[in-house]
Amino acid sequence: MREMSPWREPVPAGGTMGEPQARGRFGEYGGRYAPESLVEACREVDEAFREARADPGFRAALAELLALHVGRPTPLTPARRLSQELGVRLYLKREDLTHTGSHKINNVLGQALLATRMGRRRLIAETGAGQHGVATATAAALLGLEATVFMGERDIERQALNVFRMRMLGAEVIPVTTGSRTLKDATSEAMRHWVGVTGDSHYCVGSVIGPDPYPWMVREFQRVIGDEARAQCAAELRTGVPDHVVACVGGGSNAAGTFAGFADTSARFVGVEAEGGAGAALGRLGVLHGCRSLFLQDDDGQIVEAHSIAPGLDYPGVGPEHAHLRELGRARYVTVTDEEAVGAAVRLARTEGIVPALESAHALAWVIRAAGEGELAAGSTVLMTLSGRGDKDISTLKELL
Ligand SMILES: *Cc1c(COP(=O)(O)O)cnc(C)c1O
């Protein structure tokens with residue numbers, strides 16, 4: 001049998017990337033801004049999660065699912081040819097090799113297992129391009145739960161294949177016709193729906209966003225990326241710790257999970273956002289979808305729609321913990337254009353034989369730029385999370401190349 005991924009014991013409160021402070025705060029960000037009935041539901045999720053992660057039985061069950069169904073641990077691959085070209089030592093944490101092709105499955109299986117433990121029979125989720133919806137439908141099928149996925153009408157038109165995939169997996173896909181009929185509206189609608197069914201349904205949030213406890217719970221379910229990478233770096237690198245840890249940031253879950261594994265080290269954290277969805281780099285303080293964080297807004301405080309060639313980076317905000325890490329100076333957030341990301345995707349394909357998801361290509365585009373501009377010193381070590389594979393983006397790329 002495969003070696004089981006560690007699903008680590010809880011990190012005590014107080015340390016960076018441990019538990020949030022009182023009332024689900026990361027500094028001035030986070031919190032639980034929700035209608036009263038959802039505040040109660042969130043409290044139940046919080047309590048169940050705290051119990052579950054302290055329970056060795058739960059941790060073992062999740063580790064087994066991750067090993068047998070997801071294919072964890074994922075490799076840490078040295079990008080040999082590209083490293084030589086760039087003059088740095090680049091290592092890729094291969095979330096593209098997981099079942100369903102991205103890191104989203106790590107979080108979704110954790111929450112699905114938690115839902116089962118709470119006696120819930122159904123998962124509710126929102127989805128933009130359909131990736132979180134497909135992951136949720138997959139986890140629901142695996143654990144014998146029902147799945148209801150809210151999706152903007154416009155996204156349904158644009159992502160017909162993922163809609164089919166969700167339905168094939170047995171999920172119900174509900175079109176959302178309000179607002180811009182995209183992810184932001186689907187999220188609002190999913191939360192509204194949850195109000196009436198909290199007793200039998202668990203709301204499965206797809207990133208480190210939403211009301212407490214979601215931002216840190218999702219980060220803890222994604223911590224497996226960072227913990228595995230840390231152990232793999234210890235075996236690969238002389239110092240055991242890379243100089244830089246880099247990941248793309250939509251809501252910020254693959255980045256938070258990766259950073260968490262290196263929180264107590266001197267590694268420098270870089271979160272790479274799409275220029276048109278740069279909540280951390282360009283957003284302003286606001287409250288949306290249950291938490292206080294940084295969001296793209298116009299002068300009246302209205303949320304501005306995000307635009308990126310990478311559907312997973314198309315969220316107008318960023319998780320509260322990233323806003324906090326940025327303020328502390330523990331992590332930097334930088335932006336990359338669509339063009340740079342496409343260029344990076346082609347470069348990885350041709351040097352390493354890996355077609356990355358366009359989201360992940362953003363992280364790589366920054367590495368390429370920073371190496372070229374001398375921001376990454378020659379010979380420095382860079383760990384980058386390759387959050388997903390590019391199969392879903394092939395038709396987009398085909399139109400451009
Ligand atoms: C959804 C997605 C992302 C962005 O989500 P985060 O929560 O920021 O990690 C990044 N990469 C891929 C492949 C995705 O599917």
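All ligand and atom numbering here is 1-based and tracks the order in the structure.
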* **side-chain hydrogen bond (donor to acceptor under 3.5 Å, both in side chains) partners of T385, counting only residues at least two apart** => T258

* Return the protein residues near ligand 1 (heavy atom under 4.0 Å from any of its atoms), ordered by chain and residue number. => S102, H103, K104, Q131, S207, C248, V249, G250, G251, G252, S253, N254, G312, A357, E359, S387, G388

* Of the non-hydrogen atoms in E359 and S387, which two are nearest, and what is the gap between them? -> CB-OG, 4.2 Å

* Under 30°, 30 to 60°, or over 60°: which ring-plane class applies to F49 and W216, parallel, tilted or perpendicular? -> perpendicular

* **Lys/Arg N to Asp/Glu carboxylate O, E220 vs R50, below 4.0 Å** => no

* Qualifying side-chain hydrogen bond (donor to acceptor under 3.5 Å, both in side chains) pairs, either residue in residues 296-317, two or more places apart -> H289-Y315

* Asked: H324: what forms a side-chain hydrogen bond (donor to acceptor under 3.5 Å, both in side chains) with it, not counting sequence neighbours?
  -> none

